[in-house]
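Input: a single structure, listed below in structure tokens.
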Amino acid sequence: MARTPPTTKPTTDEPARVEGIFRSGSMTAIGVVLGFSLAFLVRWSGLPGRWETSDLFAVTAITLGVALQIKALVDLLAVKSVFVVNYERAVRIFVVGLVSVAVGVIAAIFGHIAGYGGLVLHG
């Protein structure tokens, strides 16, 4: 079950808001994970050697995941993310991006183990 972030009570008919400290912590966590995802992708793309067809699935999944993580971070940096509904949407986008990166990395590792991978574990 998804955990709801701490909110402040609206004073009027205004939507519920996320507390600033909670939102800042989420932005920090997403930024750190995004940095690691980008670092993995940059390191992998810079390795010498030949890319195999099996690498394309992994790199596509990782690139899509990184793009979604960037989208989530941009959404959280927007002022409208103080509202719970927008905050939760950004977090869902981030989680989908994180899963996509994980699927890409796992596919690359298993492709390498099975003898189909090209570059991921070399270097």
Side-chain angles (χ1 to χ4, degrees):
M1 181 174 192
R3 195 169 164 212
T4 307
T7 60
T8 57
K9 290 213 174 232
T11 55
T12 60
D13 290 338
E14 185 178 293
R17 292 176 177 249
V18 175
E19 290 181 15
I21 293 174
F22 191 84
R23 184 171 156 253
S24 295
S26 298
M27 285 189 284
T28 301
I30 288 174
V32 168
V33 172
L34 174 59
F36 281 116
S37 299
L38 283 168
F40 180 83
L41 189 60
V42 167
R43 182 184 180 284
W44 189 17
S45 66
L47 290 174
R50 203 177 111 195
W51 284 74
E52 301 293 331
T53 306
S54 62
D55 292 328
L56 293 178
F57 172 78
V59 79
T60 300
I62 294 168
T63 303
L64 174 64
V66 166
L68 289 170
Q69 289 176 14
I70 291 170
K71 167 77 171 125
L73 185 59
V74 167
D75 287 353
L76 282 177
L77 290 170
V79 174
K80 67 181 181 176
S81 72
V82 298
F83 299 113
V84 170
V85 101
N86 296 329
Y87 171 84
E88 289 177 342
R89 180 178 180 270
V91 170
R92 281 191 304 272
I93 290 170
F94 169 72
V95 169
V96 170
L98 183 62
V99 168
S100 181
V101 168
V103 165
V105 171
I106 290 168
I109 290 169
F110 281 117
H112 180 76
I113 290 170
Y116 296 112
L119 295 175
V120 74
L121 298 178
H122 296 252

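The basis for the numbers below is simple: all heavy atoms, side chains too, and nothing from hydrogens, waters or symmetry mates.
Listed for the S100 side chain is no donor-acceptor partner under 3.5 Å among the backbone atoms of L64. Checked by atom type and distance alone, the side chain of N86 pairs as donor or acceptor with a backbone atom of K80 at under 3.5 Å. Listed for the R17 side chain is no donor-acceptor partner under 3.5 Å among the backbone atoms of V84. Checking side-chain atoms of S81 against main-chain N and O of L77 turns up no donor-acceptor pair under 3.5 Å.
Closest approach of L68 and I93 over heavy atoms only: O-CG2, 3.3 Å. Nearest heavy-atom pair, A61 versus G104, reported as atom, atom and distance to 0.1 Å: CB-CA, 3.7 Å. The heavy-atom pair separating S37 from Q69 by the smallest distance is OG-OE1, 3.2 Å.
Residues F22 and F83 fall into different hydrophobic clusters, defined by Ile, Leu, Val, Met, Phe, Trp and Tyr side chains chained together at heavy-atom separations under 4.5 Å. V18 and V82 sit in two unconnected hydrophobic clusters of ILVMFWY residues. Membership requires side-chain heavy atoms under 4.5 Å apart, directly or through other members. Clustering ILVMFWY residues whenever any of their side-chain heavy atoms sit less than 4.5 angstrom apart, transitively, puts V74 in the very cluster that holds L76. Cluster membership for I30 and V85, using ILVMFWY side-chain heavy atoms within less than 4.5 angstrom, is not shared. Placement of V96 and V101 in two distinct hydrophobic clusters is found when ILVMFWY residues are connected by side-chain heavy-atom separations under 4.5 Å, directly or transitively.
Within the 4.5 Å cutoff, side-chain heavy atoms of F94 are placed close to those of V33.
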